[in-house]
Amino acid sequence: MEKVVSLCKRRGFIFQSSDIYGGLSNTWDYGPYGVELKNNLKRAWWKANVYERYDILGMDAAILMHPKVWEASGHVQNFFDLKSDCKSCKKRFKSADLKDKNKCPECGGALTEARPFNLMFKTYQGPIEESGNEIYMRPETAQGMLVNFLNILDSRHPKLPFGLAQIGKAFRNEITPGNFTFRTREFEQMEIEYFVKPLDADKALEDWITYRFNWYLDLGLKKESLRKRSHGKDELAHYARACTDIEYNFPFGWSELEGIANRTDFDLKQHSQYSGRDLQYFDDSTKERFYPYIIEPSGGVDRAVLAFLVDAYNEEKVRDDTRVVLKLHKDLAPTKVAVLPLLRNRPEIVELAKKIAQDLKKTIITVYDDTGAIGKLYRRQDEVGTLYCVTVDVQSLEDKQVTVRQRDTMLQERISIDKLKEYLSNKLT
Ligand code: ATP
């Protein structure tokens, strides 16, 4: 884990937030490579769930919502963790994490009794800070889709089963954030609300568990590091009838990447009651009105990025050297191609390399780098997971060919410059 955290900082994937001020604890900024990786991950999710399916529509709801939403959803009453404070060192702990409920795990001091702590961030809307103006930062993206159920029915007229998909920020005032980006107070979720006839819910849940599990595998997570774990009845959230987590074997142990839950008709019924609007679905064929059940695959973007980084991290012996290589799936790699001049003091080579890079950039994410000797440049690209390095040398000036090196195998091929774009495009699709 330390090696991944260090690579993330060294190469510009993830930085501590507000670093020059000593950092804001457990808050992270994505740098130039991090934002590409994260965007690629979100794009892959959107493609698999919105573009490649016929039954899901995309959405992007606001972070701020009417406060009644969170009363209806149960978050005001139920979104609590129990916490205890140490009477000596004043540190705060999540009761669920404590082996001994009476003793501070850090200094051995006495703990207060466990008290509920609501995880929602509160703020004020408008210029006056008074209780009537209190609103919440959403703790999940789900409600933004659920409260739009009627708008979607009225504007797009989908038939059951259908779903809504959204990626966006969520905020939870976690008591014990940590493990790098695994648990933070500000994070991104990718969620689907899939509406089904109540009788179809069990099968839909199973189908979604399989579909979502395979998505992680298809993008390259190692099979032995991924597992499904279904929740015991005592673990279920207040709205859920059944839930299975997809877990990844992080360096700190098996932990949740995504939860897939059967939310039943809880949400639509609650929002009908609290809003006074009828959120039932009318089935044309049977002339029945009913509340659909909801199957919800809910994953974390940051946790997935972390899992893919940890999974892709490799150290390999190459002769007397160790190379660090991020073996990210081609769809996730932040940069696809790097163009490198073999001799940076030869203007004709530099010029040709820059021209090749410029031309590739129009269709392929390409960087140009001439800031070191070739061995160093290769290592640098390996560390950030660049799939192909294109090297321009003296001979390229004569035979109009370049050397293309593949990241994982390090095998090299000479390719004619006028075939290069086609060659790389074929490899990358
Ligand atoms: P946990 O048990 O780890 O707190 P959860 O079961 O409360 O998670 P859900 O409410 O199911 O999480 O949220 C769905 C997904 O959102 C999680 O699977 C996770 O990927 C992501 N997520 C939730 N809380 C956080 C957080 N504090 N930091 C980063 N990602 C989070």
Side-chain angles (χ1 to χ4, degrees), residues 1-8 10-11 13-14 28 30 33-34 36-49 52 178-183 187-190 206-231 243-260 297-318 322-336 379 381-388 406-411 427-429:
M1 191 69 184
E2 263 171 37
K3 286 179 175 172
V4 171
V5 175
S6 147
L7 173 78
C8 282
R10 191 169 72 246
R11 288 286 174 232
F13 279 88
I14 302 173
W28 305 97
Y30 288 81
Y33 285 119
E36 296 297 337
L37 171 57
K38 198 179 185 195
N39 283 344
N40 289 344
L41 182 101
K42 291 193 273 187
R43 208 171 290 125
W45 184 89
W46 198 265
K47 180 165 168 275
N49 293 300
E52 287 178 4
N179 285 326
F180 198 26
T181 54
F182 180 81
R183 187 181 303 286
F187 55 96
E188 248 179 309
Q189 289 186 311
M190 23 191 201
E206 290 313 312
D207 290 349
W208 271 107
I209 295 167
T210 309
Y211 188 69
R212 293 300 307 142
F213 191 81
N214 288 341
W215 182 78
Y216 290 101
L217 288 182
D218 290 347
L219 279 177
L221 283 193
K222 292 186 194 79
K223 204 169 183 178
E224 63 274 20
S225 300
L226 212 53
R227 73 176 186 195
K228 301 169 195 159
R229 190 183 68 81
S230 63
H231 283 209
C243 183
T244 292
D245 286 346
I246 296 175
E247 295 187 334
Y248 181 75
N249 195 6
F250 285 96
F252 46 85
W254 287 97
S255 309
E256 173 180 342
L257 274 184
E258 170 160 349
I260 301 141
S298 169
V301 176
D302 312 82
R303 279 189 192 181
V305 166
L306 183 60
F308 280 105
L309 277 170
V310 166
D311 210 68
Y313 185 94
N314 280 275
E315 286 179 3
E316 292 175 356
K317 274 256 161 287
V318 182
T322 303
R323 81 160 181 153
V324 172
V325 52
L326 271 192
K327 293 188 173 174
L328 288 166
H329 186 279
K330 65 179 172 50
D331 293 349
L332 297 182
T335 307
K336 312 300 176 194
R379 293 288 177 271
Q381 295 303 328
D382 288 344
E383 276 199 335
V384 298
T386 305
L387 291 149
Y388 294 95
Q406 207 272 336
R407 177 193 68 195
D408 297 349
T409 57
M410 292 188 285
L411 288 176
K427 296 275 184 194
L428 292 167
T429 43

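Along the sequence shown, the residues carry numbers beginning at 1.
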Legend entry - Parallel, tilted or perpendicular: ring planes of Phe308 versus Trp215, cut at 30 and 60 degrees: perpendicular
Inset, instruction - Answer yes or no: does atom NZ of Lys47 have more than 12 heavy-atom neighbours from other residues, nucleotides or ligands under 6.0 Å? - result: no
Legend entry - Where Ala333 and Gly385 come nearest, the two heavy atoms and their spacing: CB-O, 3.5 Å
Inset, instruction - Provide the closest heavy-atom pair for His231 versus Asp245 in the form atom of the first, atom of the second, distance. - result: NE2-OD2, 2.8 Å
Inset, instruction - Carefully, step by step, assess Leu309 and Leu7 under the rule side-chain contact (heavy atoms from CB on, under 4.5 Å). - result: CA-CA 10 Å; Leu309 277 170; Leu7 173 78; 5.5 Å; no
Legend entry - Short side-chain to backbone donor-acceptor contact, Lys223 and Leu217, under 3.5 Å: no
What distance do [X] atom [atom1] and [Y] atom [atom2] have between them, rounded to the nearest 0.5 Å?
X	Y	atom1	atom2	value
Glu258	Lys228	CD	NZ	12.0 Å
Arg323	Arg379	CZ	CZ	7.0 Å
Lys327	Asp382	NZ	CG	9.5 Å

[X]: partners by side-chain hydrogen bond (donor to acceptor under 3.5 Å, both in side chains), with sequence neighbours left out:
X	value
Arg43	Asn40
Lys3	Glu315
Lys317	Thr322

Inset, instruction - Kindly indicate whether a cation-pi arrangement holds for Arg229 with Trp254, taking the cut-offs as under 6.0 Å to the six-membered ring centre and within 45° of the axis. - result: no
Legend entry - Close side-chain approach of Phe250 and Asn179, heavy atoms under 4.5 Å: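 The answer is no, as the side chains (C-beta and beyond) never meet within the 4.5 Å cut-off.
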Legend entry - Sub-4.5 Å side-chain heavy-atom contact between Glu188 and Val305: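 No - every pair of side-chain heavy atoms lies 4.5 Å or more apart.
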Legend entry - Tyr30 and its side chain to side chain contact (heavy atoms under 4.5 Å, CB included) partner, picked from Asn39, Leu37, Asp302: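 Only one of Asn39, Leu37, Asp302 forms a side chain to side chain contact (heavy atoms under 4.5 Å, CB included) with Tyr30, namely Asp302.
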Inset, instruction - Flag the pair Phe182 / Phe252 as yes when their ring centroid distance falls below 6.0 Å, and as no otherwise. - result: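 Yes - the distance between ring centres of Phe182 and Phe252 falls below the 6.0 Å cut-off.
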